[in-house]
Each structure stands twice: as structure tokens, then as C-alpha cells.
Amino acid sequence: MSSDALLLLETVHFSAEKHRNQRRKDADETPYINHPIGTSSTAVTSGVARILSHEGGITDVEVLQAALLHDTVEDTDTTHAELENKFGSTVAHIVQEVTDDKSLPKQERKRLQVEHAAHCSRQAKLVKLADKLYNLRDLNRCTPVGWTAARVQEYFDWSSEVVKGLRGTSSVLEEKLDELFTHRRVSTT
């Protein structure tokens, strides 16, 4: 087995352990690990890493590792230092770039995502594009418990603002996002 394959398997294992008790906010309470990995058999709900590899053509192992780990610091007890020790500084840095500071109010976190998007590394932008693509597809698949149609639309509108700062990174992923925005009548300029 190649060293890249071993690295990816170790990363999947780590992410699965960290997210093992978490669920998505849909009515089915889908296991959260489906989000970074992509264990569904349909392209509509492929996970972030699978979107990058299968749809975006990304083979950079560090980007794929960061995609698998992108929510661990934000949503689990994982620390930046832990990721750096286990997966190296590049992977840890990519994850850090896409991690929201949960100590800030939600609206401030959302504002900062828009503000910081254009200044991320290309690797972080790829993870961010795939994450947005997954989340928007998931919203089209099913509405999270407690969300109104207006809240879903607000998420699409806000995501479009974030994606504006990520443009020029992956025409394939950006086109797929644009299709979703067009369907929702969201401005992409």
C-alpha cells in the first residue's frame, strides 16, 4: 500500500473517531462523518473530500487530509497542535484557515468568512469550495430541523458572498456552485 493511501486511511480513522458521536441536523440525524468523508452512494451527498477528489480532480494528499479534518478543531476537542503533531504543519495550517472561532458570535463568524475567503491559501480555498458545495447540496436534499425556507435562502445568499472570495480556484467546483446559486436565484457577481 502506498504511503499516501496509508496517510489518508489514518486521517479518515482520526476524523471518524473525533466525529463519532455527532449527527447532522437533518431529520434522519445523518452521522456527521458523512460530511467530511462522503460515504453516500449518490453524488448529491458526496462528502467534502470525495467532492474534491471525484469532482474537482484534486489529488493533493494534504488538501484531501485537510478536507477530512476540516471541522475537527471547530466541532470537537481537537487542537491545532494535535493536528500539527499527527499530520504536519501544512495540513494543520489548511484546517486552521477554514476553522471558525466558535468563541465569536455567529454573525461575526459569518462576516469573517466572507472577509477572509479571498486571503486563504489555494489549498484552503479548495476545501472551502467543496464544503460550501456539500452544504448547499445537503440543504437542497433536506432542510435541517427547525430551519425555515427563509433561513435556507439566507444561507445560500451568504454562501454566495463567501464563494466570491474563492473564485479563480477551481472552475469545476465554481461552476457546480453557480448552478446551485442560479437555481436559487442568488447573485454570483
Side-chain angles (χ1 to χ4, degrees), residues 4-5 7-19 22 24 32-40 43-76 78-84 86-102 109-139 155-156 158-178 180-181:
D4 286 350
L7 277 173
L8 287 171
L9 285 172
E10 182 58 30
T11 308
V12 167
H13 174 75
F14 182 90
S15 186
E17 272 299 306
K18 291 295 186 168
H19 292 298
Q22 295 175 312
R24 296 288 283 180
Y32 191 87
I33 195 63
N34 289 13
H35 172 62
I37 294 176
T39 59
S40 173
V44 174
T45 55
S46 289
V48 175
R50 194 163 198 277
I51 287 170
L52 285 169
S53 65
H54 285 66
E55 296 180 58
I58 303 303
T59 58
D60 180 328
V61 172
E62 290 172 322
V63 171
L64 297 174
Q65 285 181 282
L68 292 166
L69 300 166
H70 79 276
D71 280 335
T72 55
V73 173
E74 188 173 317
D75 293 337
T76 75
T78 306
T79 65
H80 175 75
E82 183 179 9
L83 290 183
E84 190 167 352
K86 192 152 186 71
F87 301 107
S89 60
T90 300
V91 172
H93 182 72
I94 298 166
V95 172
Q96 184 176 24
E97 286 185 273
V98 300
T99 298
D100 285 350
D101 180 350
K102 287 286 199 96
R109 292 193 313 263
K110 290 177 84 167
R111 184 189 70 75
L112 288 172
Q113 272 199 47
V114 172
E115 184 179 304
H116 293 153
H119 307 290
C120 290
S121 67
R122 180 177 186 280
Q123 294 168 309
K125 286 179 180 182
L126 287 167
V127 173
K128 202 72 147 146
L129 284 168
D131 184 42
K132 290 292 175 238
L133 187 53
Y134 177 96
N135 287 335
L136 295 172
R137 285 175 173 170
D138 204 40
L139 282 174
Y155 188 90
F156 268 84
W158 166 73
S159 293
S160 175
E161 292 301 310
V162 174
V163 169
K164 285 178 187 177
L166 305 172
R167 293 213 176 266
T169 305
S170 169
S171 60
V172 172
L173 297 179
E174 291 165 38
E175 286 174 21
K176 292 174 184 292
L177 284 157
D178 286 343
L180 293 171
F181 294 140

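One-based numbering along the sequence shown.
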If you measure from [atom1] on [X] to [atom2] on [Y], what distance do you get to the nearest 0.5 Å?
X      : Y     : atom1 : atom2 : result
Tyr134 : Leu52 : OH    : CG    : 13.5 Å
Asn34  : Arg50 : CG    : CZ    : 12.0 Å
Phe87  : Ile94 : CZ    : CD1   : 12.5 Å
Phe14  : Thr72 : CZ    : OG1   : 5.5 Å

message: Please enumerate all residues that pass side chain to side chain contact (heavy atoms under 4.5 Å, CB included) together with Lys132, with sequence neighbours excluded.
response: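 Once residues adjacent in sequence are excluded, the partners of Lys132 under the side chain to side chain contact (heavy atoms under 4.5 Å, CB included) criterion are Gln113, Tyr155, Trp158, Ser159, Val162, Val163, Leu177.
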
Sequence-distant partners of Asp131, side chain to side chain contact (heavy atoms under 4.5 Å, CB included), two or more places apart: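 So Asp131 forms a side chain to side chain contact (heavy atoms under 4.5 Å, CB included) with His35, Val48, His70, Asn135.
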
- prompt: Is any NZ, NE, NH1 or NH2 atom of the basic residue among Arg109 and Glu74 found under 4.0 Å from an Asp or Glu carboxylate oxygen of the other?
  reply: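 Looking at Glu74 together with Arg109, the answer is no, because their closest N to O distance does not fall below 4.0 Å.
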
query: Can we say Lys110 and Glu161 salt-bridge, meaning some charged N sits less than 4.0 Å from an Asp/Glu carboxylate O?
result: no

Identified side chain to side chain contact (heavy atoms under 4.5 Å, CB included) counterpart of Ser53 within the set Leu8, Leu64, Ile58, Asp60: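 Answer after filtering Leu8, Leu64, Ile58, Asp60: Leu64.
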
- prompt: With no hydrogens and no angle check, is any side-chain donor or acceptor of Ser15 less than 3.5 Å from a backbone partner on Leu68?
  reply: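 Between the backbone of Leu68 and the side chain of Ser15 there is a qualifying donor-acceptor contact (under 3.5 Å).
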
- prompt: Would you say the side-chain atoms of Glu174 pair up with the backbone N or O of Ser170, donor to acceptor, closer than 3.5 Å?
  reply: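 The answer is yes, because a donor-acceptor pair under 3.5 Å joins these two groups.
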
query: Between His19, Lys18, Arg24, which is the residue that forms a side-chain hydrogen bond (donor to acceptor under 3.5 Å, both in side chains) with Gln22?
result: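 For Gln22, the side-chain hydrogen bond (donor to acceptor under 3.5 Å, both in side chains) check succeeds only for His19.
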
task: Compute whether any side-chain donor of one residue and acceptor of the other, for Ser121 and Glu97, lie under 3.5 angstrom apart.
output: yes

- prompt: Going through the checks in order, is the salt bridge (Lys or Arg N to Asp or Glu O under 4.0 Å) test met by Glu55 and Arg137?
  reply: CA-CA 14 Å; Glu55 296 180 58; Arg137 285 175 173 170; 2.7 Å; yes

Would you say the side chain of [Y] lies within less than 4.5 Å of the side chain of [X], judging by non-hydrogen atoms?
X      : Y      : answer
Pro36  : Leu69  : no
Thr90  : Gln123 : yes
Leu133 : Leu129 : no

field: Evaluation steps, salt bridge (Lys or Arg N to Asp or Glu O under 4.0 Å), between Glu82 and Lys86
entry: CA-CA 6 Å; Glu82 183 179 9; Lys86 192 152 186 71; over 6 Å; no

